[in-house]
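These notes concern the structure reproduced below.
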Amino acid sequence: MPDFESNKVVPIRGAENATDQERRPTLKSGGGGGTFDGMELVDAKIAAAEARTDAKFAELLGELKSMRAETSHLPSTSTMVSAVGLSVIAGVGVVLAALAFGGDRFDGGVAVGQAGAEAKTALDRVIAENEAQTRQIEQVSQQLQKVLFAISREPAAKQGNTPTMQGADPTTQMPLIMPNN
């Protein structure tokens with residue numbers, strides 16, 4: 001907390017400006033020469049800064065002209081934009097074509113899978129039918145063998161053309177029936 005009872009003087013903002021103004025030399029009045037003593041120095045500094053700025057500006061313009069000459073063979077902006085646009089359209093077309101082809105291949109694979117499942121079902125059914133027919137053939141064959149065996153034990157008929165048993169087939173073990181001649 002400031003000590004108000006001390007003898008220290010605290011400057012006020014407005015008071016600083018007043019003292020600065022008192023220290024500045026006054027401008028000459030009358031006669032048209034209203035310049036400050038150091039004004040020629042300031043003018044010289046400004047002129048030098050303008051000269052440096054002009055030199056840098058001229059240098060930048062020269063660089064821009066050389067850059068323009070170096071890039072004059074490149075395509076224009078509209079050409080670049082149209083080329084990029086066409087590339088994007090072509091890329092989208094390739095992606096769509098790949099998806100369509102892949103979808104077709106997928107559908108074909110699904111169809112082949114379904115056809116394969118149907119073929120397996122049909123093959124299983126045919127195998128089951130073949131096994132049933134094989135059992136039936138074996139049963140008929142056994143019954144036929146029984147009948148033929150029973151016939152072979154009966155006395156030969158009085159007619160001479162009646163077939164008689166002539167042994168058994170070695171591969172099937174079935175009796176061979178041969179006509180009498």
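Counting from 1, the numbers follow the sequence of the chain as shown. The basis for the numbers below is simple: all heavy atoms, side chains too, and nothing from hydrogens, waters or symmetry mates.
With sequence neighbours excluded, the residues satisfying side-chain hydrogen bond (donor to acceptor under 3.5 Å, both in side chains) with Ser76 are Ser78, Thr79. Residues meeting the side chain to side chain contact (heavy atoms under 4.5 Å, CB included) test with Leu99, sequence neighbours left out: Val95. Here Thr77 pairs with Val81 under the side chain to side chain contact (heavy atoms under 4.5 Å, CB included) rule; sequence neighbours left out. For Asp54, there are no salt bridge (charged side-chain N to carboxylate O under 4.0 Å, His left out) partners at least two apart in sequence or on another chain. Remark: Arg125 pairs with Ala122, Glu129 by the side chain to side chain contact (heavy atoms under 4.5 Å, CB included) rule, at least two apart or across chains.
Taking CG of Asn130 as the reference point, atom OG1 of Thr134 lies at 6.0 Å (rounded to 0.5 Å). Here CG of Leu60 is found 11.0 Å from OG1 of Thr53. Values are rounded to the nearest 0.5 Å.
Under the side chain to side chain donor-acceptor pair (under 3.5 Å) criterion, the residue pairs touching residues 110-124 are Lys120-Asp124, with sequence neighbours excluded.
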